[in-house]
Structures are given as C-alpha cells and as structure tokens.
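What follows is a short report on a single structure.
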Amino acid sequence: MTTTHRRAATGGLATLTIGGLVLGAVSAPAATAAPEPRTAPLLAPYWTELDLTGDAQVTTADLDVVAAALGATSGDAGWDDVAAADADDDGTITVADLAAVSQRMVYDDGPFELVEASVLDMQAAMNAGTTTSVEITQEYLDRIAAYDATLVDPGAGGRALHSIITTSDVALEAAARADAVRASDGMTSLLLGVPVAVKDNYDTSDMPTTGGCGCWDANQTATDAAMVEGLRADGAVILAKASLDEFAFGFVSEHSAFQAAGTSTLVASPYVTSRTAGGSSGGTGAAIAANLAGLGLGTDTGGSIRVPSSYNQLVGVRPTVGLASRDGIIPLALSQDTGGPMARSVLDAAVALDAVAGVDAADPVTSRQEGRVPASYTQYLDAGALDGARIGYVPSMIGTNTTTRRLWEETRATLERLGATVVEVTPPTTWSPVLPNGFASVLNEGSGSTNEFKHDLDAYVAAHLAPQVEARSLAGIVESGRYVPSRRSTYVSRDAVAEETYQAWAGPEGSHTKVLAEGKELVTAMLDDADLDALVYPSANPYGTIGTNLRLSPNTGLPAVSVPIGQAVESDATVTGGGVNLELLGRDFDEGPLLGLAFALERATHARTSPALYGPLG
C-alpha cells in the first residue's frame, strides 16, 4: 500500500487566543484551486510569514536573528535577510518588531489544562516545555481509567460511557518518541505528540480491530489503515480504539467486543448519560466530548460521523468520497463509506483532515482528488468567511422539533449578522427516470448497507483480516455466537444477498450507482443555480434524527461539515442539555470552504459546552 499524504500548510488562520493573547485575523483565499504542496508544519501565512530561518515556523532562532538586527534599516547591506521581520513597515528593525515576531510563535508557558485543550493549545504548551506528549498521553489514559467505565451520573437511567474498547500499551512509547523529535527538530507537525482515538473499525498494527464484534476480538492486523498511517506520519499518538455500533450498522453504538457471548454494551452520551452517544461512531463521539483523547476519527455511511457529533457537541466532517482512503477500514457499504475527523473545534478537525487526506492505489476512488485538494485546510479558517457568503436552506429539512427550530432561527440571525445572505431554496420535484421525484428521490434512496455489506466485508476479510480469526464470513459470525444478540436476523438476511443483487444495486450500471451519480448532479445544480456557497440543515434533533436529512451527503458523495449551534433548554420540553448541530454541505472537494464557514460560525457562537460530569481530575 502506497499512500501519498499532504502535510503542508498554506493560507491564513483567523483570530486565535494563546495564553490570553488575541491574534488578528487573516483572510483565506477566495479561490479553491489547490496550491502546490510543500513541506511546512504550521498554519500559514500568519504563523510563517515572519519566519527568518527557513523552517516554516517562528521559533527562538528567529528571535535571535531579529535581536541581532535591532537598529538595522532598509538602506543597510543584508536588509533583505531581515526585512520580513519589519512588521510595522517603518524601515527599521525595532523592539516592536521583535515583539511582533515573538507573537507568531506557537508557545505558551502559562498553566496548561487538558480539558478542552485544542491541538494548538497542546503544541504551544509542549513547545514551551510546560508539558510533554508523555504527560498529556498519561493524563488521557488516567481520564479513561477514571471515567470511561465508571458510573459518574447518579441520576435516573445514568450509565457509564463505555466509549473505549482498547487502550494502547505502546502509546507512552510513541509519545516519548514524539517528545524526542520535538527536542531535536522542533514542532514538525501540528499533530506531533497529540493523542488520538480511532473508531475500532480502523486497522491498527498495535491494537486489535474488532469492528465492535466479539467474533473479531483476535483481529490483530499486521498493518495500519491508510488514514491511521497518515496520523502516525504526522507524529500523532494512537491512544485508543473507540467503541462503535457493531460493524457500524446503526445509531445506538451497541457492541459486543471483549464480552461474553450473548452480551453487549451501549455507549452513553457524556451530556445526558441515560441517552445514547449516537452511532455508529458513538464511542469516538463520547470519548472526544468527554476529553478522553485529543481528537478522533469516525466513519460515516449514512450519518455515523454526523449523528454522534450532533449528540455530543462536536465538529464532524464527512469528506467527499475519494478524499481519504478507506483501505484498512472494515467496510459497511463502499458506495457511501468515508472516514473523517471528529473534534472539539473546527481547527482540530482541519488539522486532522490534513493528515488523513491522500491518494492511495489501494482505494482507486482517491485518484479523483488529484489537483483538487489544498496543501492545508487550515488556510480557509477565517473568522470573516461568512461575510458575503450565500447560504441556502430547504424549509422542510428544518423539521418541527422545538429546540431545533429555535436554534435554527437564532443561527440564521447570526449568519446574517456575519454578512451572509440566507436563501430559501425550492428543490426540483422532477429530474429524470433515475430521480423521478427530483430532490425527494435523492433523500429517499436507501443505504447501501443492505446490499453491499456481504460483498465488501468479504473483500476486507480477504485483504486484511488476521489469519487467527475463525469467523471469516457472515455465516461464520452467526455461527460464532459472539455478536450483539439482536443482530442475528440482520446478519442472516445480509448473508442471503446474492452477487447478482449486489451488481444490480452497486455495480457500474446498478440502480444505486445511478442515483448517487445523478444525485450529485442535481444537488450541485441546486448550489450553482442559486449561487450558493453551502446548503445547510440540522444534522439531528436533541438525541434524535430528522427525517432523511442525513441521507443528503451519502446519496450524493458531497462533503458535509457538522458544527454545534446550541443545546436544548428546559422550556423547549425536549431533552434538556441535548445538542444540535448545523450541517453545511458543499460541492465535490469543497471541504476547505465549508470548514471556513463553520469556523466563522463557531467563532461567533462558541456553542460547544464541556460536559460537566467529566471535568478535570482532582
């Protein structure tokens, strides 16, 4: 397997706060054309434009250069070597310029608090020596031990999170290696030393990959999934495997991994522990929301990143199918499967997406991304991104839930206050024989999980499943008796799907294949005809889904970013404390612009809250 990952950064980051210092905004580029990749570890240009030493970051070495040049003027020999440090453009290097350069360092020697720390917070503290990757990793392991299997909610129906299936016994060694890299080479990546939890359907060479099923407890693969390779290449610490709905089927995150035959466990939301964390990436959702890891990866076939992101107040990215390789991920339906980040902030999601995007010959659909992916998604993170944007919505997709409607109206007002034009869109009611009811036909197309699972699972078994695993087919899984008990009929019916049925559905001329292709054309035309930057709709209600909203991205292959917009209050009479996310859908490979819009909304609302039951350890 050869995967080409991009670890370069260009563009601008909007207002950030480090150690109480508010840093100014820079505009992201208007065009979405992909710049030429280059090696650069940081957010640029804000973080690199004052670099004087050529390492694409501002460090103490740059301060030394500025200090040595104090008093130099534009008429002096060698001015070109220090001109970039003349931040105030007065033609002289002064103490004010030295201060300006110092403010571009990712460095914070103040107190470090892990809870709600962003990737940038971690890097700033590690760069300052306030903490280390080993210390951060150990603290996350301590939080998992203290919180994950412990009942901390004494209220009625309260449950333990059960968000983690396995923790790595080599994570601290990986963290120590990251610390050594930082000591010798500086910060080589924004993920260097950051602990990550990945859904337990991603292959990991140092932990079993169960798919949430007890039948595959012994699946210790020899290699990593391509997306995990990308994380490790950027220096991330793979901390743990997160719980999921067994084989990623549903939205309740019920799994049987490492449990006695005939038993299973549900994952709980850290906000309302009597409720599910959503699925199928519910373990990732609960773990990241409760600050049990720095960031996470999930997978999404029909909503499995966006549902738990909404239930757990996270930013979830369902990328364009073809942006990140699915090789080494246990499949559900490859016509719609895609992996993506789940994070506490848009910034963290963008940094993670940089690490996992890439062309991989083992997943040929990734060849579509050539020339269409930026060097870094962080270049679009502009607090002013909504100013002048055109945002469309279909009224029927807002739903009737009291909380969701209230938050939508508040969010619409915020979008308009930030300079966006919010446009009501009337979707087409007819289109073609493939989509006779137009937009409704797109939303009503079913998931591929029924007709594709057996075919795609067999391919994973042949290429990746560890030889010691005995259950090597759906029939073998049923025979093992080690699965979520209520799933037996599902596995039996999926096993009965014939190859002819699969081809008629997902083959080159299959009915599902045609719907997805024309669905992309129809929705892209909706965006183009109304000159829209994004189509928006709620991902979910508080702990409940909304009609067929979640089908839009999977049934078109178009990317979607889900971002928190608020929570239910008691007067709503829904589920107090339950979160609601707004989903932004755009054109093929428009992840960057969508992240920019989400970043601007996030900065304006600060809607995410931290679950009170899972605060700092005493």
Side-chain angles (χ1 to χ4, degrees), residues 201 211 245-251 280 299-304 318 320-322 325-327 329-339 362-368 427-465 471-478 487-525 547-558 588:
N201 58 352
D245 200 82
E246 189 171 87
F247 288 117
F249 265 100
F251 290 160
S280 63
T299 61
D300 190 305
T301 304
S304 293
R318 178 189 158 88
T320 305
V321 175
S325 172
R326 285 87 51 90
D327 188 53
I329 301 175
I330 300 170
L332 180 59
L334 286 174
S335 67
Q336 295 166 307
D337 285 353
T338 185
D363 187 0
V365 72
T366 58
S367 64
R368 296 180 57 239
T429 56
T430 60
W431 186 260
S432 72
V434 172
L435 300 174
N437 299 314
F439 187 67
S441 295
V442 178
L443 291 178
N444 290 326
E445 175 70 2
S447 168
S449 61
T450 296
N451 290 327
E452 297 174 54
F453 182 54
K454 177 183 179 180
H455 175 278
D456 295 346
L457 187 71
D458 285 348
Y460 172 88
V461 168
H464 296 284
L465 190 68
R472 308 192 70 82
S473 64
L474 277 172
I477 290 169
V478 172
R487 303 294 165 83
R488 186 181 189 281
S489 61
T490 298
Y491 296 148
V492 170
S493 64
R494 300 298 191 269
D495 190 42
V497 173
E499 178 64 15
E500 293 76 15
T501 301
Y502 167 82
Q503 291 296 338
W505 169 266
E509 297 300 317
S511 61
H512 185 64
T513 303
K514 292 177 179 178
V515 168
L516 268 57
E518 290 204 22
K520 177 177 293 187
E521 293 177 4
L522 184 154
V523 176
T524 301
T548 53
N549 285 14
L550 293 164
R551 305 300 315 156
L552 187 57
S553 178
N555 287 350
T556 60
L558 298 173
D588 240 14

Walk me through it: do V515 and S441 pass the test side chain to side chain contact (heavy atoms under 4.5 Å, CB included)?
CA-CA 8 Å; V515 168; S441 295; over 6 Å; no
Quick one: does [X]'s side chain get under 4.5 Å of [Y]'s, heavy atoms only?
X    : Y    : answer
F439 : V523 : yes
I330 : F247 : yes
R551 : S447 : yes
T524 : L558 : yes
N451 : H512 : no
D456 : L332 : no
E445 : P554 : no
R487 : D245 : yes

Go through N555 and L443 one step at a time and tell me if the side chain to side chain contact (heavy atoms under 4.5 Å, CB included) criterion holds.
CA-CA 7 Å; N555 287 350; L443 291 178; 6.0 Å; no
Please report the closest heavy-atom contact between [X] and [Y], naming both atoms and the distance.
X    : Y    : value
W431 : G438 : CB-CA, 3.9 Å
A333 : S449 : CB-N, 3.7 Å
R326 : L334 : NH1-O, 3.2 Å
G302 : F251 : O-CZ, 3.8 Å
D495 : K454 : O-NZ, 2.9 Å
T301 : Q336 : O-CB, 3.6 Å

Euclidean distance, [Y] [atom2] relative to [X] [atom1], rounded to 0.5 Å:
X    : Y    : atom1 : atom2 : result
N201 : T299 : CG    : OG1   : 4.0 Å
L516 : T513 : CG    : OG1   : 7.0 Å
H464 : I329 : NE2   : CD1   : 9.5 Å
D337 : R318 : CG    : CZ    : 8.0 Å
L474 : R494 : CG    : CZ    : 9.5 Å

Side chains of T338 and D300: is there a donor and an acceptor less than 3.5 Å apart?
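No, no side-chain donor-acceptor pair sits under 3.5 Å.
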Which is it for L457 and I477 under the side chain to side chain contact (heavy atoms under 4.5 Å, CB included) test, yes or no, and what are the steps along the way?
CA-CA 12 Å; L457 187 71; I477 290 169; 4.2 Å; yes
Donor-acceptor pairs under 3.5 angstrom involving side-chain atoms of residues 501-511: please list them, not counting sequence neighbours.
{"from": "Y502", "atom 1": "OH", "to": "H455", "atom 2": "ND1", "distance (Å)": "3.4"}
{"from": "Q503", "atom 1": "NE2", "to": "E499", "atom 2": "OE2", "distance (Å)": "2.8"}
{"from": "W505", "atom 1": "NE1", "to": "E452", "atom 2": "OE2", "distance (Å)": "2.9"}

Is the backbone of G322 close enough, under 3.5 Å, to the side chain of T320 for a donor and an acceptor to pair up by distance?
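No, the answer is negative, given that no donor and acceptor are paired below the 3.5 Å cut-off.
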